[in-house]
Amino acid sequence: MDTFTKSSGNCVNAGGASRPPRRLLEQLSDRIRVKHYSIRTGQAYSDWVRRFILFHGKRHPREMGANEVEAFLTHLAVAGRVSASTQNQAKSALLFLYKEVLETELPWLDEVESAKATKRLPVVLTPAEVQRLLAPIEGTGV
């Protein structure tokens with residue numbers, strides 16, 4: 001029977017021989033399953049981690065920290081012009097990666113340029129709003 005050491009990501013079988021360490025995205029997937037996250041959340045988190053790694057020239061996240069996370073999230077908001085909820089999802093994915101998989105706490109990310117939340121217009125006007133709009137209009141109808 002194999003045993004898994006969380007800190008190294010290695011498996012050691014009963015004979016003491018170790019298998020090669022699991023790849024980062026496999027470890028991420030394992031932690032997502034252990035925490036009972038939905039399949040779609042797991043897919044989204046894996047995609048954000050992949051994009052983060054590619055953005056930084058395929059560097060391993062263990063070699064990076066808060067500055068690189070801030071740079072990536074700021075890039076999403078400024079150059080990528082993503083919505084606030086999209087940026088928050090990317091941030092959650094990266095915080096999950098560092099906390100749950102790499103077991104590293106990131107300092108609070110103050111320098112992140114937040115995506116601007118869009119203001120929503122009402123879809124339907126209330127009767128009072130319709131009266132207020134039509135009251136100043138004069139003339140006869142068709």
Side-chain angles (χ1 to χ4, degrees), residues 1-137 139 141-142:
M1 176 172 177
D2 292 349
T3 57
F4 181 75
T5 58
K6 184 178 175 191
S7 59
S8 67
N10 294 329
C11 286
V12 180
N13 64 22
S18 66
R19 293 188 293 190
R22 294 180 54 80
R23 297 179 59 99
L24 180 69
L25 292 177
E26 291 171 345
Q27 291 176 36
L28 177 70
S29 178
D30 291 346
R31 288 302 298 159
I32 287 169
R33 274 191 238 115
V34 165
K35 299 284 234 176
H36 302 290
Y37 282 39
S38 75
I39 291 170
R40 297 284 290 157
T41 300
Q43 291 168 342
Y45 278 21
S46 292
D47 184 53
W48 283 117
V49 169
R50 225 180 265 113
R51 290 174 68 176
F52 172 67
I53 292 168
L54 291 174
F55 177 78
H56 287 293
K58 297 185 179 180
R59 288 173 52 202
H60 194 284
R62 198 177 309 280
E63 301 169 3
M64 299 184 277
N67 291 338
E68 287 83 2
V69 172
E70 288 173 4
F72 178 67
L73 295 174
T74 300
H75 169 78
L76 288 177
V78 176
R81 300 177 55 112
V82 299
S83 70
S85 63
T86 300
Q87 186 190 35
N88 286 335
Q89 184 185 56
K91 183 178 181 179
S92 295
L94 295 176
L95 290 175
F96 183 89
L97 169 71
Y98 277 94
K99 182 178 180 185
E100 297 293 332
V101 178
L102 300 176
E103 297 178 330
T104 303
E105 289 293 328
L106 290 178
W108 183 246
L109 302 172
D110 291 328
E111 302 302 317
V112 174
E113 177 79 23
S114 294
K116 304 294 182 238
T118 58
K119 292 191 177 187
R120 299 206 178 252
L121 296 175
V123 177
V124 178
L125 297 175
T126 65
E129 291 169 327
V130 172
Q131 287 297 323
R132 204 171 63 237
L133 285 172
L134 297 179
I137 298 174
V142 177

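Heavy atoms only: backbone and side chains are in, while hydrogens, waters and symmetry mates are out.
Minimum heavy-atom separation, T86 to S83: OG1-OG, 2.9 Å. The two residues F52 and M64 have their closest heavy-atom pair at CE2-CE, 3.6 Å. Pairing each heavy atom of A90 with each of L73, the nearest pair is CB-CD2, 3.9 Å. The nearest pair of heavy atoms linking V49 to A93 is CG2-O, 4.4 Å.
Here the NZ atom belonging to K91 is positioned 12.0 Å from the CG atom belonging to L76, to the nearest 0.5 angstrom. R51 contributes atom CZ, which lies 10.5 Å from atom CG of L94 (distance to the nearest 0.5 angstrom). Atom-to-atom distance recorded for Q131:CD and T126:OG1 is 10.0 Å, nearest 0.5 angstrom. Atom OG of S92 is separated from atom CD of Q87 by 10.5 Å, given to the nearest 0.5 angstrom.
For the side chain to side chain contact (heavy atoms under 4.5 Å, CB included) test with L97, the passing option among L25, I53, L102, V69 is L102; the others fail. Screening K99, E100, E26 for a side chain to side chain contact (heavy atoms under 4.5 Å, CB included) with R31, the sole residue that qualifies is E100.
Ring planes of F55 and H75: tilted class, angle from 30 to 60°. Ring geometry, W48 versus F72: the interplanar angle exceeds 60°, so the pair is classed perpendicular (tilted spans 30 to 60°).
Residues E68 and R59 have side chains in contact (heavy-atom distance under 4.5 Å, counting atoms from C-beta outward).
Judged purely by distance below 3.5 Å, without hydrogens or angles, the side chains of R50 and S46 never pair a donor atom with an acceptor atom.
In this structure, N88 contributes its side chain and A84 its backbone to a donor-acceptor pair below 3.5 Å.
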(message) Before you tell me yes or no, could you show the steps for F96 and I32 under side chain to side chain contact (heavy atoms under 4.5 Å, CB included), namely the whole-Å CA-CA distance, both residues' side-chain angles and the distance that decides it to 0.1 Å?
(response) CA-CA 9 Å; F96 183 89; I32 287 169; 3.6 Å; yes
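No more than 12 heavy-atom neighbours from other residues, nucleotides or ligands sit within 6.0 angstrom of CD1 on I39.
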